[in-house]
Amino acid sequence: MNNDKIVGQVEAMLAAGRITEDEAADIRAARGPDELDRAVGMIRARHAGGHIESAVASGEMTRQEGDAYLDELRAGRNPKGLRARLSTYRRRRATS
């Protein structure tokens with residue numbers, strides 16, 4: 001993750017409604033890459049959460065898989081395969 005780039009984009013993300021005031025404050029207050037990764041991970045988990053919940057509700061993902069993905073995101077890790085799995089789901093839902 002490019003930490004300098006993320007910190008530099010906080011105001012733009014806030015203005016665009018991609019993050020909340022509290023999330024922006026967490027990013028600004030992060031001390032070191034580990035704290036920043038966790039702050040960004042919480043944002044990613046919030047963004048992915050609704051899609052994961054929909055995938056669980058539709059049976060495309062188990063509750064355990066969804067919870068594991070969210071745990072990985074919250075820890076600041078980017079789970080392999082999650083983006084592809086959710087993008088396939090989002091594309092199909094968007095055309096429904």
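These numbers come from a predicted model, not from an experiment.
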Measure the spacing between [atom1] of [X] and [atom2] of [Y] and express it to the nearest 0.5 Å.
X	Y	atom1	atom2	result
Leu73	Leu82	CG	CG	5.5 Å
Leu70	Glu65	CG	CD	12.0 Å
His47	Ile19	NE2	CD1	8.0 Å
Asp26	Thr20	CG	OG1	7.5 Å

Inset, instruction - For Glu35, enumerate each residue passing the salt bridge (Lys or Arg N to Asp or Glu O under 4.0 Å) test, keeping only those at least two apart in sequence or located in another chain. - result: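 Once residues adjacent in sequence are excluded, Glu35 has no partner under the salt bridge (Lys or Arg N to Asp or Glu O under 4.0 Å) criterion.
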Legend entry - salt bridge (charged side-chain N to carboxylate O under 4.0 Å, His left out) pairs, two or more places apart, involving residues 67-76: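 Counting only pairs at least two positions apart or across chains, the salt bridge (charged side-chain N to carboxylate O under 4.0 Å, His left out) contacts touching residues 67-76 are Arg63-Asp67, Asp71-Arg74, Glu72-Arg77.
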Inset, instruction - Any salt bridge (charged side-chain N to carboxylate O under 4.0 Å, His left out) involving residues 9-25? Give me the pairs, sequence neighbours left out, ordered by first then second residue. - result: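 Matches after skipping sequence neighbours: Glu11-Arg28, Glu23-Arg46.
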Inset, instruction - Specify the closest pair of heavy atoms between Ala24 and Leu14, including all atoms of both residues, with the distance to one decimal. - result: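 Residues Ala24 and Leu14, closest heavy atoms: CB-CD2, 4.2 Å.
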Inset, instruction - Answer yes if Met42 and Ile27 sit in the same cluster of Ile, Leu, Val, Met, Phe, Trp and Tyr residues linked by side chain heavy atoms under 4.5 Å apart, and no otherwise. - result: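 Shared cluster, no.
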